[in-house]
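Heads up, the thing below is written out as structure tokens.
Computed from heavy atoms alone, side chains included, the values below leave out hydrogens, waters and symmetry copies.
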Amino acid sequence: MAVLPIKLTKTNRDKLAQVLWVLNWISVVTGIILFSLGIFLKVEINKRQDLMAESQLQSVPNMLIAVGLIACVINFLGGKICYDCVDTNKFLRWKLVMLPYIICTFFFTLSVLVGALMCYSMHGQLEEALTLGLRDAMRYYKDTDTPGRCFLKRTVDQLQIQFQCCGNKGYRDWFQIQWVSNRYLDMSQREVVDRLRSNVEGKYLMDGVPFSCCNVNSPRPCIQYQITNNSAYFNYDYQTEELNLWMRGCRQALLDYYTNIMHSVGLTVLIIWLFELSVLTGVRYLQTSLENVLRQGDPESESDGWLLENSFVETARSNFNIIKHLGKGLDSDAV
């Protein structure tokens, strides 16, 4: 028994072919949109590549770019096929091509769905890349005279100012690393020397943060040094008073930023997938109805169209048997 059968007259077939011709050209535009989304996502990731550990984040934009290019080619061909299907005689030259075309298009639409799901499943991978990348960027913040790292101070400062964040998880992350280079430390001061000697690794640690952590909206002058020393400032208690620093960590700020982008891109790709699936369904009905017209021998007659000639179970069993026989044939040829 056929799956979702419908009856189509000659007029209905012609109208369906014309509509599908238009929809395939619209699908070419959606392919360009997919390609553009991939480029946009790639650029956004590359903007802050220095703040991310190496991972497979580029796989999503690369896939969208590839799928977008394939969409343009497949739907351009689909438009030509549907245009010729208005004439039953012209359909004859596409008869042997249409089924392989539909199968290829099915797997293509499946890859579009995979691309959409990948956009929604990148959260964990993105979080890990940001955690490790920001940790290393903060560690090398002071190395302004080291080749390959000299730009990281500016990168981190711009990040904290733009996203109004501080540290990796929070401002206290800066307490655990030396973010001031030794060449800016006055070794003639006993306090500096004692602080260096008190640390097992010889690092100059302090309860301070870079200037870019300062909240510009705070009415009080920024307290970025001796943050936990209540006696260092008048009328100040760091445990009760709201500090004039950005409280949110940069990992969470960037994670929210990229998650919003990923979800927006994922939703767009999902809508495109539904559109491509509807076009594929229409092409399948057109193909089966035209093949039935050829069997009947009357181009003007009414014909049946369907998604599958047999039920899902029967179709699956038939395909499995075909694959099984092909496997046996290959084995016998090998022998």
Side-chain angles (χ1 to χ4, degrees), residues 16-85 94 97-130 133 162 254-284 286-287:
L16 178 60
Q18 291 168 356
V19 169
L20 289 173
W21 175 74
V22 174
L23 292 181
N24 271 284
W25 278 107
I26 295 175
S27 294
V28 172
V29 176
T30 63
I32 296 173
I33 292 173
L34 285 172
F35 178 81
S36 302
L37 288 174
I39 294 293
F40 167 74
L41 199 54
K42 196 176 188 69
V43 169
E44 284 297 318
I45 292 175
N46 287 338
K47 273 183 184 178
R48 297 175 181 87
Q49 190 68 43
D50 300 322
L51 301 173
M52 301 180 188
E54 290 199 15
S55 62
Q56 300 298 320
L57 294 177
Q58 293 288 355
S59 60
V60 175
N62 289 341
M63 184 172 186
L64 292 179
I65 291 170
V67 168
L69 291 174
I70 294 171
C72 293
V73 175
I74 284 182
N75 290 301
F76 178 82
L77 177 61
K80 173 61 177 172
I81 292 174
C82 293
Y83 181 81
D84 287 346
C85 283
W94 294 109
V97 177
M98 281 198 75
L99 185 57
Y101 168 79
I102 289 172
I103 294 172
C104 291
T105 307
F106 171 77
F107 285 107
F108 159 72
T109 55
L110 191 62
S111 67
V112 175
L113 176 61
V114 171
L117 295 178
M118 286 176 68
C119 290
Y120 285 101
S121 62
M122 278 188 63
H123 186 275
Q125 191 177 7
L126 184 61
E127 184 175 13
E128 182 181 0
L130 287 171
Q162 180 182 352
L254 282 176
L255 191 61
D256 292 343
Y257 174 75
Y258 280 110
T259 298
N260 288 335
I261 291 178
M262 291 292 185
H263 286 179
S264 299
V265 171
L267 179 61
T268 305
V269 176
L270 197 59
I271 293 171
I272 291 175
W273 170 72
L274 291 173
F275 180 76
E276 293 285 352
L277 191 62
S278 65
V279 175
L280 175 61
T281 302
V283 173
R284 175 59 174 169
L286 181 64
Q287 178 239 346

Practice item. Please name the residue in the list T30, N24, T109 that meets the side-chain hydrogen bond (donor to acceptor under 3.5 Å, both in side chains) test with E276. Key: T30

Mind checking the [atom1]-[atom2] spacing from [X] to [Y]? Nearest 0.5 Å is all I need.
X: L99; Y: I103; atom1: CG; atom2: CD1; answer: 4.0 Å
X: L255; Y: H123; atom1: CG; atom2: NE2; answer: 4.0 Å
X: I39; Y: N62; atom1: CD1; atom2: CG; answer: 9.0 Å
X: I33; Y: L64; atom1: CD1; atom2: CG; answer: 12.5 Å
X: S36; Y: I65; atom1: OG; atom2: CD1; answer: 9.5 Å
X: L280; Y: W273; atom1: CG; atom2: CH2; answer: 11.0 Å

Exercise for review: May I ask you to decide if the ring planes of F76 and W25 are parallel, tilted or perpendicular, using 30° and 60° as cut-offs?
Suggested key: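 The rings of F76 and W25 stand perpendicular, inter-plane angle above 60°.
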
Exercise for review: Determine, stepwise, if the pair K42 / L57 fulfils side-chain contact (heavy atoms from CB on, under 4.5 Å).
Suggested key: CA-CA 9 Å; K42 196 176 188 69; L57 294 177; over 6 Å; no

Please give me the minimum heavy-atom distance between [X] and [Y], naming the atom from each residue.
X: L34; Y: G68; result: CB-CA, 3.7 Å
X: A71; Y: G31; result: CB-CA, 3.6 Å
X: P61; Y: G38; result: CB-O, 3.3 Å
X: V28; Y: C72; result: O-SG, 3.7 Å
X: G282; Y: L16; result: O-CD2, 3.9 Å
X: V97; Y: P100; result: O-CD, 3.1 Å

Just by distance, do the side chain of [X] and the backbone of [Y] share a donor-acceptor pair under 3.5 Å?
X: Y258; Y: E44; value: yes
X: Y101; Y: I74; value: yes
X: Y120; Y: M262; value: no

Check whether any side-chain heavy atom of [X] lies under 4.5 Å from a side-chain heavy atom of [Y], and answer yes or no.
X: L41; Y: L37; answer: no
X: I45; Y: Q49; answer: yes
X: I26; Y: V22; answer: yes
X: Y257; Y: R48; answer: yes
X: L113; Y: L270; answer: yes

Check your understanding: Can you tell me if CD on E128 sees more than 12 non-hydrogen neighbours from other groups inside 6.0 Å?
Key -> no

Review point. So L77 and I81, side-chain contact (heavy atoms from CB on, under 4.5 Å) or not? Walk me through it.
Key: CA-CA 6 Å; L77 177 61; I81 292 174; 4.1 Å; yes

Revision key, fill the gap. With sequence neighbours left out, the residues meeting ring-ring contact (aromatic ring centres under 6.0 Å, His included) with F106 are none

Practice item. Under the side-chain contact (heavy atoms from CB on, under 4.5 Å) rule, what do V114 and M118 come out as? Steps first, then yes or no, please. Key: CA-CA 6 Å; V114 171; M118 286 176 68; 4.0 Å; yes

Review point. Would T105 and V283 satisfy side-chain contact (heavy atoms from CB on, under 4.5 Å), going step by step from the backbone distance to the final call?
Key: CA-CA 10 Å; T105 307; V283 173; over 6 Å; no

